[in-house]
Number of protein chains: 2
Amino acid sequence: MLRISKLTDYGTVILARLAAAPEQRFTAAQLAGLTRVAVPTVSKLLKLLHRHELVESTRGLHGGYRLGRPAAQISAADILDAIEGPVALTECARHAHHCGIESTCGVGRAWQKVNIALRRTMQEVSLLDLAGLSGQPIHFHSLERPTRDKRGAAS
Amino acid sequence: MLRISKLTDYGTVILARLAAAPEQRFTAAQLAGLTRVAVPTVSKLLKLLHRHELVESTRGLHGGYRLGRPAAQISAADILDAIEGPVALTECARHAHHCGIESTCGVGRAWQKVNIALRRTMQEVSLLDLAGLSGQPIHFHSLERPTRDKRGAAS
DNA sequence: GCATATAGGACTAAAATAGTACTACTTAAG
DNA sequence: CTTAAGTAGTACTATTTTAGTCCTATATGC
């Protein structure tokens, strides 16, 4: 159903790697070797993450990247924002003038609310969780109640 | 950040339209006129929705489409499933063998959990809400209580 | 000043989406 | 029983988005 881009996935892997050694500085090439993602791609991702202050960079000889904040203070939503940008669930919300009919235009607004709820969910997950460094399994409030859950396929 | 496809958006608009007059049958062409979506596209969407039993069809002369169930029993997740299929948040979960390194492989699993939480959220929203027919604003459990909310950034 | 690293942007290739067209099947009316 | 109106299914094409690469500029340490 919903999808995040591969780049976001890679970005998370890179951040997880940095989270494992928060004090150490890694060059883009080192991270590429560690994560098996191509160097230019890693580089591109790190630049994106840098702009959003998720990583801290040092230029020049012996330079490299390091986490910009403690992993616990970086959420999945932050990562999504940095890499995919603050794109909304629907496009309707942007050039929403000639949506068709008045009664159906409410639809775009409703998706927007869903979007906010989804966002909230993603803010509950920190990089620590994503990196598997938090020990405890991720604990969603919304997963606590039984629902109608149609499929659970993982593979 | 997250995006649903245009088709899903259109599909929702069409369903919202049907929800407004649950007893009446509409032809694909009528719905196209009502929603300003091209006829072949509407047709394609209705077929998809039909396969998942979200709409009921009648063939032949004076045929057409109608909601397959009460709008209250159709969730946003159902619509997503019907149109976009049960695609997961990451691809890592599918051919997850050479993710790179062992410690980073947990990342894919974590996204999977996020995915489930997101799904849960979408099951809380019915077509009635989406169509703006429920009177009351959408009411998310997850938006009600304060969460552990590490950062409060909203946009 | 030279080697090593990031910063930024432009460009190319590949894949997913959106949209269209065509053919077959089904039903009701004349 | 023939014809018109409608859905069902599938295959194809075009467009857009995403992924990935390359090049040039800038900063830093030796």
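A quick note: this is a predicted structure, and the numbers were derived from the prediction, not measured. Chain A is the first sequence line, chain B the second, and so forth, proteins listed ahead of strands; every chain is numbered from 1. Reckoned from all heavy atoms, side chains included, excluding hydrogens, waters and symmetry mates.
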Between CZ of B:F26 and C1' of D:dG6 the distance, given in whole Å, is 16 Å
Separation of B:L48 atom CG from D:dT7 atom C1', in whole Å?
-> 14 Å
A:R51 has its side chain closest, among C:dG8, D:dG29, D:dT10, to C:dG8
Expressed in angstrom and rounded to an integer, what is the separation of A:L45 atom CG from D:dT18 atom P?
-> 14 Å
Counting only N and O atoms by type, is there a donor-acceptor contact under 3.5 Å from the side chain of A:Q30 to the main-chain atoms of A:T27?
-> yes
A:H52 side, atom NE2; A:I79 side, atom CD1 - distance, nearest 0.5 Å | 12.0 Å
Separation of C:dT27 P from B:Y65 OH (nearest whole Å) = 14 Å
Side-chain N or O of B:H62 less than 4.0 angstrom from OP1 or OP2 on C:dT27?
-> no
From C:dG8, D:dA5, D:dG29, pick the nucleotide closest to the side chain of B:L61?
-> D:dA5
Sub-3.5 Å donor-acceptor pair from the side chain of A:T12 to the main-chain atoms of A:T8, do we have one?
-> yes
Where the side chain of B:E84 meets the backbone of B:S5, is there a donor-acceptor pair that is under 3.5 Å apart?
-> yes
Out of B:R25, B:R69, B:R66, which residue meets the salt bridge (Lys or Arg N to Asp or Glu O under 4.0 Å) rule with B:E56?
-> B:R66
Test item: B:F26 and B:L34 side chains (from C-beta on) under 4.5 Å apart, heavy atoms = yes
Comparing nearest nucleotides in DNA chain D, the 5'-proximal residue of the pair A:T58, B:L46 is B:L46
Answer yes or no: does a side-chain N or O of A:S57 lie under 4.0 Å from OP1 or OP2 of C:dA7?
-> yes
Reckon B:A28 touches a base, only the sugar-phosphate, or nothing at all at heavy-atom distances under 4.0 Å?
-> sugar-phosphate
Spacing of B:I14 atom CD1 relative to D:dT7 atom P, expressed in whole Å = 12 Å
Quickly work out the B:R59 CZ to C:dA24 P distance and round it to whole Å.
-> 14 Å
Below 3.5 Å is the cut-off: list the nitrogen or oxygen pairs between protein and nucleotides 19-23 of chain D, distance only.
{"unit_1": "D:dA19", "atom_1": "OP1", "unit_2": "A:K6", "atom_2": "N", "d": "2.5"}
{"unit_1": "D:dA19", "atom_1": "OP2", "unit_2": "A:S5", "atom_2": "OG", "d": "3.2"}
{"unit_1": "D:dG20", "atom_1": "N7", "unit_2": "A:K44", "atom_2": "NZ", "d": "2.6"}
{"unit_1": "D:dG20", "atom_1": "O6", "unit_2": "A:K44", "atom_2": "NZ", "d": "3.3"}

